[in-house]
K.L.:
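Below you will find the structure I want to go over with you.
Numbers here are sequence positions counted from 1.
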Amino acid sequence: MLTLAASVLAAPAAQAADHPFQNPRLPVEQRVEDLLGRLTPQEKLSLLHQSQPAIPRLGIAYHKNGTEALHGVAWSNHLNDNWNQKFASGTVFPQAVGLASTWDPALIKKVGSAVGDEVRGYNAVDPILWGLQVWSPVVDLLRDPRAGRNEEGYSEDPYLTGAISTAFGKGLQGEDPFYLKTAPVLKHYLAYNNEVNRSLTSSNLTPKLKHEYYEPAFKAAISADAATGVMASYNLVNGRPNHVNPDLDAQVRSWTDKRLYNVSDAWGPHALTDLEEYYDDKPEAFAAVLRAGLDSYTIDNSDGGPMAQHLTAALNQGLITQADVDDAVRGALTIRTRLGHFDPDGGPYKKITKDVINSPANQRLNRETAGKAAVLLRNSGVLPLARPKSAAVVGPLSGKLYRDWYSGQMPYQVTPVDGIKERVSEVSTGQGLERIALKHLDSGRYITATGTGPDDNAALIDTAPTAASQWDLTDWTGGVSTLRNAGNGRLLGGDWRSLDTDDADADGWYVSQQFALEPQSDGSYLIRYAGYEAVESWFALPDPYVSVAADGTLGLAPKAQASRFGKEIVVDGVAEAAAQAARAEVAVVVVGSHPFVAGREFHDRDDLRLGAGQRRLIEAVRKANPRTVVVLETSYPVIVDAPTLLWTTHAGAETGHAVADVLFGDVNPAGRLTQTWPGTDKLPSILDYDLAKTGMTYLYGKDKPLYAFGHGLSYTSFAYQGLSVRGEQVSVKVTNTGKVRGDEVVQLYTHQRDSRFQQPVKQLRGFQRVTLNPGESRTVTFTLKKPDLAVWDHTRNKWAVESATHDILVGSASDKIRQSATLRVSGETIPVRDLTRTTRAMDFDGYSGVQFADETKAGGEVVAGTAGGWISFTGASYGSRLTAGVSSVGGGAFEVRSGSPTGALLATVQVPATGGIYQWGTASARLKAGKGNLYLVFKGDLRIRDFALAG
């Protein structure tokens, strides 16, 4: 039962506008300046923390930033109880990647509005726990499907991501021109798409990709006033931690005239000293965070004391000024004013109550969204199902729904079995799992559960399999499995070093219920422990495997000490499922991923393959019944195929209804993939962010994928005719040529044929989801303006529209172009590079074997290289006198070569030792002036900031 929380720290707002900051009729700037002038220095510092204490003398209540609301109200942490998540139990919409697969911004705005309503509903119940600043949406681009947080983002494409994040953010904020229903914050700025060593790895970004790919999705939502700020990401970009990225202030704030409120990620400011060792002490680090453009510190749980101490020291040392503090406080006060915190009546959204939480209207919206998000990947003609009399519904996800790390608890569940039972009178079901026994080959005894308590260690007890020594094996993805005991229903899991069965499900930060059964050449198995804590440095047991202690209990040991086990199949659930399928008119196999297993925040995936057990289940059921539909429920692309294949993300409480709606034709599927599904695990390093080099995403990929960006089928067919390009309008006639009503997602792409710069294979410029009755036609029109075709000219550090011919491509997917035309654009010709002027080394045309680094801790980017690395400057004119800004700890050299890295040697430039990477000096040399392609080839460990070839 929801009850109103009371707290001595929650001071009620004044009932009358006693001060100007409480007067809703005054401009926000005037209100903020009035309140700022009334605060003491310590009160100002307290407002820089995530957990902002009440100021009773001014009638200001306690406020906490950071309610998680990615696809529904998820969780928060209560004041002075920060180690325990407090979960919401409202409407859980499809995961973010599923929301985007609707390609329907209008619908997603409704979803955002519903989530904003429920945030307000929870805030009405407990304003201490459920703050109104929400950390959502996630705008990180899904450029690599192995990234652990794939389900949190929308798409690999910046245009689509920008459109969906803008829609969701607008919904969260509400329709009032001034007041905010909630204050959405975009996560995570910038170029954050790997979890391995996420606080230590640096994303190498070329200026071109930074401006053309990584920034635009953030810019779209900020410039549309659909977000109130950004959260800094854990990673580094070009050698500098993003928590002190100067673009947070100089770039992000330039995209809007509204006052933004930028925040740190959890523990991020501490990482600057504790993990990244970028600064020597806390005052220096915390001052740098403030100067870089962050206004709020998410650290030390609810305790703002350490932050205030460090910032006070920074003030005393002159690292920051009171003006710096005041400016950051303005961010907090502006957003809180717009949330209605200082209004006598709490603002127009204060009237929202707990009645909106999981309301019937939101349940209906959830079902609609999940249905529209589903993507029909393949169809052999089995779908839609024609009201069969019997069905076998099998698979590990047929009768179970799972939440993820950024969702709340589902107040109810409609599983696929539930949804199908509403339409089919005779339904048989089962998980389709192997029930196995694991026999220790040295002793002949079986792994046996001894209880459900944390001290009930699994041990070698049974000499013949009983319920306590039988395990239901679920192979999820990437070779990682869970083992559920047949006797007590609990999962086998790691308790740091021992193994027990005290967990009902795989959950929590350290998911310890993960194992990989590794077959050996002699037919035995080693059991690798895949719990998430195993990657932590403090775990101190690399590559842990299940072993047996002298007393017969199970524990973990290095691989060399791993015990060997025999795998015995006690009950063949795959064969049982196949038998059920053979007796039924149709079969539905529901397989996929577990949101907490084999990859999640802090853990990337090794590969994208569906588990071997699930693949065997699919093949066995298909063989038994050709009328088989595979429903694939995952948070990310996987490598699996079937003649009839329907994909859905983990879609919340209404998943079963939505799946059944699509299977039986009540909803004609029109979801489209928002990222490329590779057909191989042989992908470039997840740490390589240069798409133009790696060929990742549809923008630069040239290999045929398993399923392309934008792919999705329908129960009807569509024809495209009469593509027209006139002025700024691109129009095409789309006709439903089938027999049923359906939605088509019409996609506009362009390709620039000729350019000074490398261009994408194709690039999304617009999309529309349209509904057409059989035989109905509609002219779909897109606006394509000349500035939309601008490219980043790194030779002059500006956007430029080149004179070029563009292919105008319209179709139903990136690989299904139905109509094409050409457009000749009159622009400019990029001039020859003038290297007689000072040129930043980062403005290269090509590179190999180098890293991008920080010029100083405050700003600037340079190229760092060792022997063999190079950067190139093509189509250039240059003089004979070279001077370069360089740094090197011990000294080194670089060569200037013509035509290629091994071309004619024009000069060798000696670089003196400068004493440190941030200590800059000058190097010079003479060479013959000319024109062409120049290469700077590193011959030692050094950094190049800039250079000029004058004279």
K.L.:
Just by distance, with hydrogens left out, do T783 and E728 show a side-chain donor and acceptor under 3.5 Å apart?
P.N.:
no
K.L.:
Cut-off 3.5 Å, side chains only: do N797 and D843 have a donor facing an acceptor?
P.N.:
yes
K.L.:
Check this for me: does any side-chain nitrogen of one of K109 and E175 sit under 4.0 Å from a carboxylate oxygen of the other?
P.N.:
yes
K.L.:
Looking only at side chains, do S380 and T644 share a donor and an acceptor under 3.5 Å apart?
P.N.:
yes
K.L.:
Any luck finding a side-chain donor-acceptor pair between Y847 and D690 under 3.5 Å?
P.N.:
yes
K.L.:
For E744, run the salt bridge (charged side-chain N to carboxylate O under 4.0 Å, His left out) check against R769, R672, K816 and tell me which one passes.
P.N.:
R672
K.L.:
What are the two closest heavy atoms between P637 and N150, and how far apart are they?
P.N.:
CD-ND2, 4.0 Å
K.L.:
Do T697 and R143 have side-chain atoms, one donor and one acceptor, less than 3.5 Å apart?
P.N.:
no
K.L.:
Going by an N to O cut-off under 4.0 Å, is there a salt bridge joining E368 and K372?
P.N.:
yes
K.L.:
Taking the six-membered ring for Trp and the single ring otherwise, decide whether the centroids of W647 and Y636 are under 6.0 Å apart.
P.N.:
no
K.L.:
Is a salt bridge present between E776 and R778, judged by a nitrogen-to-oxygen distance below 4.0 Å?
P.N.:
yes
K.L.:
Is it the case that the ring center of F844 lies less than 6.0 angstrom away from the ring center of H794?
P.N.:
no
K.L.:
More than 12 heavy atoms of other residues, nucleotides or ligands under 6.0 Å from CD of Q729: yes or no?
P.N.:
yes
K.L.:
Can you tell which of D144, N194, N235 makes a side-chain hydrogen bond (donor to acceptor under 3.5 Å, both in side chains) with Y689?
P.N.:
N194
K.L.:
Looking only at non-hydrogen atoms, find the nearest pair between L190 and Y214 and report the distance.
P.N.:
CD1-O, 3.2 Å
K.L.:
Going by atom types alone, do E151 and H650 pair a side-chain donor with an acceptor below 3.5 Å?
P.N.:
no
K.L.:
Can any side-chain N or O of S113 pair as donor or acceptor with the backbone N or O of K110 at less than 3.5 Å?
P.N.:
no
K.L.:
Does some side-chain heavy atom of T874 sit less than 4.5 Å from a side-chain heavy atom of R756?
P.N.:
yes
K.L.:
Can you see whether T256 engages D225 through a side-chain donor-acceptor pair at a distance of less than 3.5 angstrom?
P.N.:
yes
K.L.:
Taking atom types as modelled and ignoring hydrogens, do the side chains of Q819 and Q721 form a donor-acceptor contact shorter than 3.5 angstrom?
P.N.:
no
K.L.:
Counting only heavy atoms from other residues, nucleotides and ligands, does the tally under 6.0 Å from NZ of K219 exceed 12?
P.N.:
no
K.L.:
Take a 6.0 Å sphere around CZ of R726 and say whether it holds more than 12 heavy atoms from other residues, nucleotides or ligands.
P.N.:
no
K.L.:
Is it the case that over 12 heavy atoms from other parts of the model lie below 6.0 angstrom from the NZ atom of K693?
P.N.:
yes
K.L.:
Look at the aromatic rings of F709 and W103 and report parallel, tilted or perpendicular, splitting at 30° and 60°.
P.N.:
tilted
K.L.:
Taking atom types as modelled, is there a side-chain donor on R833 or T795 under 3.5 Å from an acceptor on the other?
P.N.:
no
K.L.:
Hey, does F767 have a side-chain heavy atom less than 4.5 Å from the side chain of P105?
P.N.:
yes
K.L.:
Using modelled atom types only, decide if a donor and an acceptor are shared between the side chain of R840 and the backbone of E861 within a distance under 3.5 Å.
P.N.:
yes
K.L.:
For the residue pair S155 / T674, report whether a side-chain donor-acceptor contact shorter than 3.5 Å exists.
P.N.:
no
K.L.:
Give a yes-or-no answer on whether the side chains of N379 and Y715 include a donor-acceptor pair shorter than 3.5 Å.
P.N.:
no
